[in-house]
Amino acid sequence: MTHATTTSPADTAQQFASDNYAGICPDAWAAMAEANAGHAPAYGDDRWTTLAADAFRSLFKADCEVFFVFNGTAANSLALASLCQSYHGVICSDMSHVETDECGAPEFFSNGSKLLVAPSTDGKLTPAAIRAIATNRTDIHFPKPRVVTITQPTETGLVYRPEELQALSATCRELGLVLHMDGSRFANACASLGCEPADITWRVGVDVLCFGGTKNGMAAGEAILFFDRRLAEDFDYRCKQAGQLASKMRFLSAPWVRMIDSGAWLRNGQHANACAQRVARGLDGVQGIEPMFPVQANGVFLKMAPPLVEALRAKGWRFYTFIGGCVRLMFAWDSQPERVDELVRDLREVAAAAAGAANG
Ligand SMILES: *Cc1c(COP(=O)(O)O)cnc(C)c1O
């Protein structure tokens, strides 16, 4: 194996393959430095953790129970496990992170609760899809549907509007289902809709929210908010057993205090969303490149012929194509507008070259 001894400019230039490529935002970094000034009680008995939970309660205007874990897979899996018995089922979209990107963790931590996967064309769940799965089988041989999980914004960069959420939760109530929201990019949804966090959670019937800090600009950490406190019973034990009780909890919680107080959580989401819009605008009318989904949050998904995809790679860009073969571009709190423009320029160039070749 060889080791690179120098860093070429290409290695430090921003890439938009994932919002997790970004570093730690200044507010989160400063909060960690502040929390690092001396000793503090461990395992969440510190003042930062108390302040962070209170910050969430005032941000959401709700007396919710708040927990902090290291990552989104744990947040989702443990939240879902706490809502289910092992014989229950969790209704989710076929494009959901819990189904496609968590290595079976929701099933593992729930001791076997089955994901009941709804087909979708765009990653969104609908009341009809929920109803179809929840009422298809009522016999004892099939897992009993218990939870619906939705992602806000979706893995395809779409945002559920408050009235859509209201309709989903009405269906859940009617069918005796609990509503969980995977908000690994929750800030981007709030920024996109311009609404209060409460307007797309407990006010429209969401019972549990996993609020992502990592993609919002923290080093690590997700908050789990139980709006129905009864659902949080023994959740602390569940976190500990799963290896998710941070001994130096203050470094997971302190960044939230500052980011909520300063509004950085929302500004970061707004900036990332604006970069996605910049790309969408820059590609408007370009032949051979089409958005696969409307751009509503911080992701852009581009339908392009395979030779164009390869040409874009050849220009040094990194990206994933796991959603229907399209080029996925994700923007973050620190995405540089000039670098976003370079990406747009290169996209336009590969499209123009392909069009030229076809005509010539
Ligand atoms: C990134 C992400 C998560 C969290 O993933 P981890 O890598 O476990 O932190 C959860 N849900 C969605 C939709 C995501 O995009």
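Just so we're clear, the structure is a prediction, and the values are computed from it rather than from any experiment. Counting starts at 1 for both ligands and their atoms, following the listed order. One is the number of the first residue; the rest follow in order along the sequence.
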Heavy-atom nearest option to atom 14 (C) of ligand 1, drawn from Lys215, Arg185, Glu155: Lys215
Atom pair OG/CG of Ser58 and Asp54 - distance to nearest 0.5 Å: 7.0 Å
Proximal atoms of ligand 1 relative to Ser184 (non-hydrogen, under 4.0 Å):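 In order of number, 2 (C), 3 (C), 10 (C), 11 (N), 12 (C), 13 (C), 14 (C), 15 (O).
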Ligand 1 contact by Thr151, heavy-atom criterion under 4.0 angstrom: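 Yes; Thr151 lies near enough to ligand 1 that a heavy-atom distance drops under 4.0 Å.
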Any N or O on [X] sitting closer than 3.5 Å to an N or O of ligand 1?
| X | answer |
| --- | --- |
| Gly72 | yes |
| Asp182 | yes |
| Thr73 | yes |

Region of Asn76 engaging ligand 1 - heavy atom pairs below 4.0 Å: side chain
Identity and separation of the nearest protein heavy atom to atom 5 (O) of ligand 1: His97 CE1, 3.4 Å
Derivation and outcome, side chain to side chain contact (heavy atoms under 4.5 Å, CB included), residues Arg328 and Phe319: CA-CA 6 Å; Arg328 188 192 83 150; Phe319 48 85; 5.8 Å; no
Which residues share a side chain to side chain donor-acceptor pair (under 3.5 Å) with Arg345, sequence neighbours left out: none
Ring geometry between Phe293 and Phe301 (parallel below 30°, tilted from 30 to 60°, perpendicular above 60°):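 Perpendicular, since the angle between the ring planes exceeds 60°.
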Any pair counted as ring-ring contact (aromatic ring centres under 6.0 Å, His included), so long as it reaches residues 141-198, sequence neighbours left out: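 ring-ring contact (aromatic ring centres under 6.0 Å, His included) check on residues 141-198 returns Phe60-Phe186, Phe186-Phe211.
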Stacked cation flag Arg339 on Trp317, 6.0 angstrom / 45 deg: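 The answer is yes, since Arg339 meets both limits relative to Trp317.
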